[in-house]
Amino acid sequence: MKKLIVVVLVLAAGSVGGYLYWKHQKEQASEAAVPTVATVAVERGSIFQAVASTGRVVSNLDVEIKCRASGQVVKLPFDISDVVHEGDLVLQLDTTEQQRLVSTREVDLTIALAKLAQSRQNLVVAEQTVATARSRAVSLLTASESRARDALSRAERRRQLLAENLGSQEDYDASQTDAASAAAELQNARVAQEEVKTQELALDVRREDIKLAQAQVTSAQIALDLAKQQLSYTTVNSPIEGVVSSLTTQVGAIISSGITNVGGGTTIMVISDLSRVFLLAAVDESDIGSVSLEQPVDISLDAFPGRKFHGKVVRIATKGVNTSNVVTFEVKIEVVDPKKGMLKPEMTGNVQIIAAQRDNVLTVPAAAVSRQQAPAAPAGAPPAGAPNAAMTAAPGSPPSGAPTGQGGESRQRRGGGTLVVTVVNADGTTKEVPVTVGLTDGDKYEITDGLTEGQNVQYQLGEAQGRWNARGGGFPGMGITGMAGRGRR
């Protein structure tokens, strides 16, 4: 019996709870169905349209520091985020082997210079020897020629005397012997002169020895210069002024040369020039036509909520990048904000490239602008309910007849109605007033005609989208990126 009572009580409690929940949900639905009406004054302000995208922060220049020599790191004075000035020492290798090589090359050069000096001295000695031999040969030849002529003359006279029986045979034979001896001496003098010519030819060999010694000196000097250069490669100085953004080695590590290693050598660090800071943004191909050089850009980053940095477009890529059939173009944006030093490479930022802007213009909330019901179609027109250009437009695109955002179209009816705003009069009554809209940023519209500053207009909170679509299309005056700066991303 007690169990039955408990079951009945539980069922009763469940029924009551279900009824209360149903009633609560119904009341909430009724409250939600009743739109909240708000009133706001027409005021002056600024409005702009922007191409929205995201990008990453990059430095002006990133230089990979590598060493031309291989060896062990003994000095590494900078760490990540340290400021480096141009010419500062950033790396020092152990120089023991390079110093030994330089000493060896210096000795080789000394030997080569000594050989060159010896060759030159040998040439001088040889030239003096040849000069002496030449002088002696000339004297000997002259004397031999004179003696030979004298001997021949005496021999001829002795022959004549002998023929006339005035001389003896013994004298004649002696004169013949003297003539033959003089002729032999003359021949030896001529041979000595030819030997001098041979010695003169040997001087050319001596001169070639000097050239060879000079070449050896030059070779030794080049080897010494290369050794000194290799020694200088053990010291690495910063080529630019910047900040160490990456460090990939440490003291005691063995690194490989960046010019002799097949793999490109060891990267010691990366120094970034942050004198100029840029963002590389990927802009959709449908928006790139609205981007041009020098356009101002607003930049926001998650690292600095509530703060905007100013920039400008400095480069637009000629060729797009196709990723999964989505084509984007790289736009380079320079950060010109005085606080650009707060940005760090590889940060991600949201950018709004200002394509159009109006200052000191009349503005109203976007929800206050609607389209008045189109008049009845004349005979022969498409039947009611037929899709028009506005209703068949692609989602997010402006309805046919809606302002383009570049100045507006005055009270057009091509979309089946006129753009209107509900004005609240001083006595509390309302009236729909035709207006012309200009730019829109998705939250408010520029009013170029139809309203004056200070007038009160009425709109329904939370139902702007449904109200506008119910009257024949999307929001009027859509921005370049659909919601003008809120974009597709």
Side-chain angles (χ1 to χ4, degrees), residues 37-51 287 289-290 352 354-378 388-426 429-461 463-486:
V37 177
T39 302
V40 65
V42 179
E43 59 183 5
R44 290 192 175 275
S46 298
I47 192 170
F48 66 91
Q49 286 180 334
V51 174
D287 297 331
S290 302
Q352 285 190 328
I354 310 302
Q357 184 170 350
R358 302 282 191 274
D359 296 321
N360 195 30
V361 295
L362 297 179
T363 61
V364 297
V369 181
S370 61
R371 179 177 292 160
Q372 193 178 53
Q373 186 66 36
N388 56 34
M391 297 179 68
T392 58
S397 62
S400 176
T404 62
Q406 301 299 324
E409 298 185 20
S410 178
R411 303 169 187 171
Q412 290 189 353
R413 298 178 178 271
R414 290 187 303 169
T418 301
L419 303 182
V420 296
V421 171
T422 302
V423 176
V424 180
N425 298 321
T429 60
T430 62
K431 178 183 179 181
E432 288 189 340
V433 177
V435 295
T436 301
V437 299
L439 296 182
T440 177
D441 60 4
D443 294 326
K444 57 181 181 293
Y445 288 92
E446 173 194 4
I447 302 298
T448 60
D449 188 28
L451 295 177
T452 59
E453 184 178 3
Q455 283 185 295
N456 292 323
V457 296
Q458 190 179 83
Y459 66 98
Q460 294 179 349
L461 296 175
E463 291 208 356
Q465 181 77 40
R467 177 188 180 200
W468 180 256
N469 288 340
R471 298 198 176 193
F475 281 99
M478 281 290 188
I480 292 173
T481 58
M483 289 303 288
R486 297 185 179 181

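Small disclaimer: the values here were computed from a predicted structure and weren't measured. This chain uses plain numbering: 1 for the first residue, then up along the sequence.
Taking CZ of R44 as the start and CZ of R358 as the end, the distance is 14.0 Å to the nearest 0.5 Å.
A heavy-atom distance below 4.5 Å is not found between the side chains of I447 and V42. At a threshold of 4.5 Å between non-hydrogen side-chain atoms, the residues T436 and L419 do not count as touching.
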List the atom pairs, donor and acceptor, that lie under 3.5 Å between side-chain atoms in residues 359-369 and the rest of the protein, sequence neighbours left out.
residue, atom, partner, partner atom, Å
D359, OD1, S46, OG, 2.9
D359, OD1, Q357, NE2, 3.2
T363, OG1, E43, O, 3.3

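Shortest non-hydrogen contact noted between L439 and I47 is O-CD1, 3.3 Å. When all heavy atoms are compared, the tightest approach of G450 to V433 is O-CG1, 3.5 Å. When all heavy atoms are compared, the tightest approach of I354 to A50 is CD1-CB, 4.1 Å. Taking each heavy atom of V420 and R371 in turn, the nearest pair found is CG2-C, 4.4 Å.
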(request) Given side-chain contact (heavy atoms from CB on, under 4.5 Å), test T448 with E446 step by step and report yes or no. (result) CA-CA 6 Å; T448 60; E446 173 194 4; 3.5 Å; yes
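Applying the side chain to side chain donor-acceptor pair (under 3.5 Å) rule to T452 yields the partners Q455; only residues at least two apart in sequence or on another chain are considered. Partners of A41 under the side chain to side chain contact (heavy atoms under 4.5 Å, CB included) rule, at least two apart in sequence or in another chain, are N456.
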